[in-house]
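In what follows, a single structure is set out as structure tokens and then discussed.
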Amino acid sequence: KDHAVVYVEDGAGTHVYVWPAEVYRMVVDGAEAVLERRGRATPAYILAGPPGSGKTSLASVVIPAKFGVPSDVVSAADYLSKWVGESEKNLKRIFDRAKLAQPYAVVFDEGDAIIARWVGSSGSSMGDVAKNVQSVAKKELAEIYSKRLRVLVMVTTNLDPEDVLPEFRRRGRGVLVEVPYLGTAGLRILVDRLTSLHRVRCPSVDIVDVAAKRKMSPADISEWMERL
């Protein structure tokens, strides 16, 4: 009722993820609207939250698999360059590739350079690059929106929501989704699924209590249980 539980199988085995239901539903519904061209859908989703909350897994693994679309996970090193004009060209190539292969999902993992307020001061080399990169992103998103292209753009970030440029948080350009750490109820669901999945028994240990005291993220807990 309150949480989404997702199992993913890959070459390394089976993995389980748990997210608040409203977070999962917001991203899934948005992705469906874009990839299936339902109405005039906002093309970008910014997943903001602390490390280990499952942002990248949701964007790069679950969503592409759920809708059966190819995807590209892009890091800052894939488009940022020290050479004048290269960063903008690199970013445009990424969008061009996605538009040519639509339906397609592009994930900018830790994409602060695209969406952040503070990515360098104006007049500095980094500030100018950030400004130009953000201009390219705005233009590309506007085209995807106006032409109703089947290109889904997802950006993951650890930024505070207030540090995301407002231009990327409005209809037709982007939707900000806050992905928090799981509360106690969600953690117990995750631990229950993990103990069943990995056949681990810890009858004398309250794993959720231990995780809370050690300030472990859901990703930390999953790794810990797999190792056990």
Side-chain angles (χ1 to χ4, degrees), residues 3-4 6 8 10 15-35 41-67 69-80 87 90-91 94-95 97-98 103-120 129-130 133-134 136-138 140-141 144 151-170 173-182 186 190 216-223:
H3 296 84
V6 179
V8 174
D10 59 21
H15 313 276
V16 60
Y17 302 97
V18 178
W19 291 283
E22 60 181 353
V23 169
Y24 180 76
R25 180 50 53 195
M26 186 183 298
V27 179
V28 168
D29 288 349
E32 183 178 54
V34 174
L35 296 172
T42 298
Y45 280 74
I46 299 169
L47 309 186
S53 56
K55 305 180 299 294
T56 300
S57 297
L58 180 57
S60 64
V61 179
V62 174
I63 295 298
K66 183 174 181 64
F67 293 98
V69 297
S71 62
D72 192 8
V73 180
V74 180
S75 68
D78 294 323
Y79 57 93
L80 293 182
S87 297
N90 292 339
L91 185 60
I94 292 169
F95 278 102
R97 184 166 64 240
Y104 206 84
V106 181
V107 180
F108 291 96
D109 194 27
E110 297 186 7
D112 296 6
I114 294 177
I115 60 169
R117 290 178 181 269
W118 45 264
V119 186
V129 168
V133 162
Q134 290 169 351
V136 171
K138 293 173 190 176
E140 293 293 333
L141 291 175
I144 293 170
V151 176
L152 175 68
V153 178
M154 290 178 285
V155 183
T156 69
T157 180
N158 299 332
L159 290 173
D160 185 280
E162 292 302 314
D163 290 325
V164 176
L165 281 167
E167 297 95 309
F168 290 99
R169 291 184 281 149
R170 68 184 188 210
R173 191 166 287 165
V175 176
L176 178 68
V177 181
E178 295 187 49
V179 185
Y181 280 149
L182 293 170
L190 176 63
M216 297 171 69
S217 70
D220 293 332
I221 295 172
S222 295
E223 181 181 356

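Counting begins at 1 with the first residue of the sequence.
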Quick one: are [X] and [Y] in side-chain contact, heavy atoms under 4.5 Å?
| X | Y | value |
| --- | --- | --- |
| Val62 | Tyr24 | yes |
| Asp72 | Tyr104 | yes |
| Ile115 | Leu165 | no |
| Glu140 | Leu91 | no |
| Ile63 | Val28 | yes |
| Val107 | Thr56 | no |

Does any N or O in the side chain of [X] come within less than 3.5 Å of the main-chain N or O of [Y], such that one atom is a donor and the other an acceptor?
| X | Y | result |
| --- | --- | --- |
| Thr156 | Glu110 | yes |
| Gln134 | Ala116 | yes |
| Arg169 | Glu162 | no |
| Ser53 | Pro50 | yes |
| Tyr181 | Pro51 | yes |

Mind listing the closest non-hydrogen atom pair of [X] and [Y] along with its distance?
| X | Y | result |
| --- | --- | --- |
| Ala113 | Val133 | O-CG1, 4.3 Å |
| Val34 | Val151 | CG1-O, 3.3 Å |
| Pro180 | Pro20 | CG-CG, 4.2 Å |
| Val175 | Met26 | CG1-SD, 4.4 Å |
| Pro64 | Ala59 | CD-O, 3.2 Å |
| Pro103 | Leu35 | CB-CD2, 4.3 Å |

From [atom1] ([X]) to [atom2] ([Y]), nearest 0.5 Å:
| X | Y | atom1 | atom2 | value |
| --- | --- | --- | --- | --- |
| Trp19 | Leu190 | CH2 | CG | 10.5 Å |
| Ile114 | Tyr79 | CD1 | OH | 3.5 Å |
| Asp160 | Glu178 | CG | CD | 7.5 Å |
| Asp29 | Glu22 | CG | CD | 12.5 Å |
| Met154 | Leu58 | CE | CG | 7.5 Å |
| Leu152 | Tyr45 | CG | OH | 8.0 Å |

Heavy atoms from other residues, nucleotides or ligands near CD of Glu167 exceed 12 (cutoff 6.0 Å)
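More than 12 heavy atoms, drawn from other residues, nucleotides or ligands, come within 6.0 Å of this atom.
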Taking atom NZ of Lys66 as the centre, report whether more than 12 heavy atoms of other residues, nucleotides or ligands fall under 6.0 Å from it.
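No.
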Residue pair Ser87, Asn90: steps toward the side chain to side chain donor-acceptor pair (under 3.5 Å) verdict:
CA-CA 5 Å; Ser87 297; Asn90 292 339; 5.5 Å; no
Taking Lys55 as the fixed residue, which of Asp109, Thr157, Asn158 is the one that meets the side-chain hydrogen bond (donor to acceptor under 3.5 Å, both in side chains) rule?
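Testing Lys55 for a side-chain hydrogen bond (donor to acceptor under 3.5 Å, both in side chains) against Asp109, Thr157, Asn158 leaves exactly one candidate, Asn158.
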